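As the structure is a computational prediction, the values presented were derived from the model and not from experiment. Position 1 is the first residue of the sequence; numbering continues from there. Read the numbers this way: they start at 1 and go in the same order the structure lists the ligands and their atoms.
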Amino acid sequence: MTLRINNLRELFSAKEIETRVCELAARINDDYRGKNMVALCVLNGAFMFFADLVRRFDMGPELDFLRLSSYGGNSLSSGRVLFSKDTELSLEGKHVLIVEDIVDTGVTMNFLLREIGSRNVKSLRIAALIDKVERRTEKLTVDYAGFTVNWGFIVGYGLDYAGRFRELPGIHVAELDVGSGS
Ligand code: IMP
Ligand code: MG
């Protein structure tokens, strides 16, 4: 069985995303004024959101990148998560902001909160482009959420389906077809 995308419907335009990213950056700038902040980009999905967000930061953050992979399943939501690229900066005594594309069940973010939280950070918060709050199985709150979307598979603006659609400037919901073969 294969899943095929047969249609994309725009949920948020590039302009709407830009406006929302500006609002989030303004709140983050207020909250981190005068603090030594490290923003962590969760690759690959968050790359575009991260690039647009940090360009508006005025607290002089350090930036670092990490990547996760799942193991024993083909979805990060399968429950077992590993670093395939860890952070490189020291996070000790710093205010860390994790920047993620989507928080869905929260399994991935819970793993990150546990791992990064164990590195003697001064504070730890989450910014996510999309908060699928109704699908949450883990107890966690997204501190800075771009948009709340509770259904559908989302692509564009960094988010992919099988490596595709990341380049789209808007956020789209994908209509999936169940087919046989490839
Ligand atoms: P979670 O562990 O269930 O919170 O989901 C983890 C990851 O699954 C997210 O960081 C995304 O990379 C991916 N994901 C979840 N929903 C979507 C979606 O609608 N589109 C693209 N990726 C998604
Ligand atoms: Mg992700």
May I have the step-by-step check of side chain to side chain donor-acceptor pair (under 3.5 Å) for Y157 and D52, ending in yes or no? CA-CA 10 Å; Y157 195 65; D52 285 345; 2.6 Å; yes
For K132, take its heavy atoms, then give the atoms of ligand 1 lying under 4.0 Å from any of them. 16 (N), 17 (C), 18 (C), 19 (O)
Could you tell me which atoms of ligand 1, counted from 1 in the order shown, lie closer than 4.0 angstrom to a heavy atom of E100? 10 (O)
Under-4.0 Å heavy-atom contact with ligand 1, by part of M109 that carries it: neither
Under the salt bridge (Lys or Arg N to Asp or Glu O under 4.0 Å) rule, collect the residues that match up with K94, sequence neighbours excluded. E62
List ligand 1 atoms under 4.0 Å from T105, heavy atoms only on the residue side. 1 (P), 2 (O), 3 (O), 4 (O)
Per-atom filter on ligand 1: closer than 4.0 angstrom to a heavy atom of G106 are 1 (P), 3 (O), 4 (O)
Determine which of the N, O or S atoms in D101 is closest to the Mg ion (ligand 2) and give its atom name. OD1
Restricting to side-chain hydrogen bond (donor to acceptor under 3.5 Å, both in side chains), what partner residues turn up for S123, sequence neighbours left out? H95
Strictly distance-based, threshold 3.5 Å: is any side-chain N or O of K85 a donor or acceptor partner for the main-chain N or O of F65? yes
May I ask you to check whether F153 has an N/O atom sitting below 3.5 Å from an N/O atom of ligand 1? no
Numbering as shown, the atoms of ligand 1 that approach T108 to under 4.0 Å (heavy-atom distance): 1 (P), 2 (O), 5 (O), 6 (C)
Where does R135 meet ligand 1, judged by heavy-atom distances below 4.0 Å: at the side chain, the backbone, both, or neither? neither
Short side-chain donor-acceptor distance under 3.5 Å, S13 and E16: yes
Have R119 and S90 got a donor and an acceptor in their side chains that come within less than 3.5 Å? no
Mind checking whether F153 and Y161 have parallel, tilted or perpendicular rings, split at 30° and 60°? perpendicular
So, are D131 and R136 salt-bridged, with charged N and O less than 4.0 Å apart? yes
Backbone or side chain, does any N or O of D101 fall under 3.5 Å from an N or O of ligand 1? yes
With backbone taken as N, CA, C and O and side chain as the heavy atoms from C-beta onward, which portion of V155 lies under 4.0 Å from ligand 1: side chain, backbone, both, or neither? neither
